[in-house]
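Right, one structure below, let's go through it.
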Amino acid sequence: MNTVNGGISFWYAQEGTPAPREPLPGDTTADVCVVGGGYTGLWTAYYLKKAVPFLNIIVLEGRFCGYGASGRNGGWLYNGIAGRDRYAKAHGHDAAVRLQRAMNDTVTEVIETAAAEKIDADIHRGGVLEVAYTPAQLERLKAYHSVDVAFGETDRRLLGARETADRVRVTGAVGSTWTPHGARVHPVKLVRGLAATAEALGVTIHESTPVTEIRPKHAVTPYGTVRAPYVLRCTEGFTAGIKGHRRTWLPMNSSMIVTEPLPASLWDDIGWTGRETLGDMAHAYMYAQRTADDRIALGGRGIPYRYSSATDNDGRTRAATVDALRDVLVRLFPRLAGTGIAHAWSGVLGVPRDWCATVALDRSTGLGWAGGYVGSGVATANLAARTLRDLIQQDSGQSGPTDLTTLPWVNHKVRSWEPEPLRWLGVHALYAAYRAADRREATARTSATDRIATLADRVSGRH
């Protein structure tokens, strides 16, 4: 079959590209201006409007809601958060445990809120299964499991080869870890439902309205300026396009493929009846889900970064990347060697220099921001949005500190990324090292992590 390449994402190919909402008609005012119509911005508008119905909230989106990562991701609603180990070192173990428990609860919050608001996003709570299929991956898996249990995930399970196969028959899998704090979602159905729900509450959304500059009490666009006491930057991987933020968060590229629907005979061979989200312990890791219509959607890194923090338009993906992702698919499930790839696409996610997700409100300026999720944004965006709500209510005198406003990721500051060409050279060298490490570990007899990957982790700031 012919593979559709680009066109934003397969999720939009299924649902259709939405008719655009009206752009900003000119200068105006609001109580809160949210910049970005993805999960973070829409959840923030939703929770603020629910908490304080009289607020005039305007959302400004450069293209249409869900155009970025919120409409292109792998549909992993799970409890991972970028930077937990670093927050433990900076704020203490107990603070990081609180952050992890908040993320565990966030998975349930999204599922229950979607149900309450009648948002049908093909959500299935099957948990998260992450597999190992080399000795080095198994060693990392066991260490990863031990750390997660120490951070309070007492319901996480370490599985052997047979127990792993009982869930999903990944070829050569020697072990896995499973947590119940995860679910499969259809990304576009979720973002569309969320946008419609926010509008029904009275939130105003202007699309085709790129914000070129954010400054205290001002969001500047080609069509006019919104003046508001609070201006919230919720632009994740597209942050570099705003004046003064070229080096704030690096727009990391991630690519995906999705198969044609698989027949029952193949599913009998693969298993996956629990519809867990599926990942592995490779350095250049993959992520996958079994979709509601019985396809496999699988993602990973292609070209990790474009020079000068450039972002793509329609998600078109290099043929070499499509082939590499197909190879990963067939490595996991050899019987799929002849299966057609229906669609391939790419998108960007936000990566801070220290790989720590953050949420913040500067009380002196009214400027707030959230992001840097490093690929864990489907759930983290919801926690960030509820935290921004609480920070604004605290700042405006409507409430005091809450459990969310005292979490260790609040008001965390990171240094900027290096200027070009160092940024481009560093990221490409980093992922070349990870791919080389994965190749060596695949044939190594030792369970030790490849030394090049360890060095790359130190240089990058990931660990």
Side-chain angles (χ1 to χ4, degrees), residues 76 78-89 93-94 96-97 99-101 103-104 107 126-182 271-272 274 276-289 298 300-301 328 331-333 355-356 374-376 379 433-458 460-463:
W76 271 47
Y78 85 117
N79 67 336
I81 185 165
R84 184 191 62 189
D85 293 350
R86 194 177 291 270
Y87 286 128
K89 291 177 183 178
H93 180 78
D94 290 347
V97 169
L99 181 60
Q100 183 60 67
R101 287 176 176 164
M103 281 304 308
N104 297 349
V107 174
V128 183
L129 185 74
E130 295 179 270
V131 302
Y133 40 80
T134 71
Q137 286 187 23
L138 183 60
E139 197 68 19
R140 287 196 297 277
L141 179 85
K142 292 176 178 178
Y144 169 69
H145 173 77
S146 297
V147 169
D148 276 355
V149 170
F151 279 112
E153 273 204 77
T154 54
D155 45 6
R156 179 177 285 273
R157 296 178 57 196
L158 185 64
L159 308 177
R162 183 173 297 178
E163 293 172 298
T164 301
D166 286 343
R167 289 182 175 272
V168 185
R169 286 186 279 280
V170 173
T171 299
V174 292
S176 64
T177 185
W178 177 83
T179 175
H181 303 295
W272 213 343
E276 303 89 342
T277 54
L278 178 67
D280 68 5
M281 295 303 294
H283 301 291
Y285 55 84
M286 71 85 192
Y287 49 94
Q289 67 150 286
L298 180 145
R301 297 289 182 265
V328 173
R331 187 257 169 270
L332 299 174
F333 308 112
W355 300 72
C356 290
V374 196
S376 301
Y434 284 143
R435 292 189 184 98
D438 284 332
R439 288 194 297 270
R440 280 191 290 272
E441 287 180 0
T443 57
R445 296 181 179 179
T446 176
S447 61
T449 290
D450 188 88
R451 287 180 293 177
I452 290 181
T454 301
L455 177 61
D457 283 343
R458 290 174 183 165
S460 70
R462 291 179 71 178
H463 299 290

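- The side-chain contact (heavy atoms from CB on, under 4.5 Å) test applied to Thr171 returns Arg331, Pro334, not counting sequence neighbours.
- The two atoms that bring Trp76 and Ala288 nearest to each other are NE1-O, 3.1 Å, heavy atoms only.
- Remark: the backbone N or O of Met281 is paired with a side-chain donor or acceptor of Arg140 at under 3.5 angstrom.
- A heavy-atom distance below 4.5 Å is not found between the side chains of Val174 and Gln137.
- When all heavy atoms of Ala82 and Val374 are compared, the closest pair comes out as CB-CG2, 3.7 Å.
- The line from NZ of Lys89 to CZ of Arg86 is 7.0 Å long, rounded to the nearest 0.5 Å.
- Interatomic distance, Leu158 CG to Leu138 CG, rounded to the nearest 0.5 Å: 8.0 Å.
- Side-chain atoms of Asn79 do not come within 3.5 Å of backbone N or O of Met103 as any donor-acceptor pair.
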Task: Trp272 and Leu278: CA distance, side-chain angles, deciding distance, side-chain contact (heavy atoms from CB on, under 4.5 Å) verdict - done: CA-CA 9 Å; Trp272 213 343; Leu278 178 67; 3.6 Å; yes
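- For the atom pair OG1 (Thr179) and CD (Glu276), the distance works out to 11.5 Å, reported to the nearest 0.5 Å.
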Open item on the list: Please evaluate residues Tyr133 and Leu332 with respect to the criterion side-chain contact (heavy atoms from CB on, under 4.5 Å), reporting the C-alpha separation (whole Å), side-chain torsions for both, the decisive distance (0.1 Å), and the verdict.
Closed with: CA-CA 9 Å; Tyr133 40 80; Leu332 299 174; 3.9 Å; yes
TODO: Please step through side-chain contact (heavy atoms from CB on, under 4.5 Å) for the pair Asp148 and Arg84, ending with a clear verdict.
DONE: CA-CA 10 Å; Asp148 276 355; Arg84 184 191 62 189; 2.7 Å; yes
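- Using modelled atom types, one side-chain atom of His93 and one backbone atom of Ala150 make a donor-acceptor pair closer than 3.5 Å.
- Residue Phe333 is tested with Val168, Val328, Leu298 for a side-chain contact (heavy atoms from CB on, under 4.5 Å); the sole match is Val168.
- Between Asp85 and Val147 there is a side-chain heavy-atom pair separated by less than 4.5 Å.
- The minimum heavy-atom distance between Phe151 and Ala96, with the atom names listed, is CE2-CB, 3.4 Å.
- Between the side chain of Glu163 and the backbone N or O of Gly160, at least one donor-acceptor pair lies under 3.5 Å.
- Of the N and O atoms on the side chains of Tyr287 and Thr277, not one donor lies less than 3.5 Å from an acceptor on the other residue.
- Once rounded to the nearest 0.5 Å, the distance linking CG of Leu129 with CG of Asp280 reads 11.0 Å.
- Nearest heavy atoms, Gly83 versus Cys356: CA-SG, 3.7 Å.
- Val128 approaches Gly182 most closely through the heavy-atom pair CG2-CA, 3.7 Å.
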Task: side-chain contact (heavy atoms from CB on, under 4.5 Å) between Leu159 and Ser176, worked out - done: CA-CA 5 Å; Leu159 308 177; Ser176 64; 3.4 Å; yes
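- For Glu130 and Tyr144, the side-chain atoms include at least one donor-acceptor pair closer than 3.5 Å.
- Residues Ala284 and Tyr434 come closest through the heavy atom pair N-CB, 4.3 Å.
- Rounded to the nearest 0.5 angstrom, His283 NE2 and Arg435 CZ are separated by 13.0 Å.
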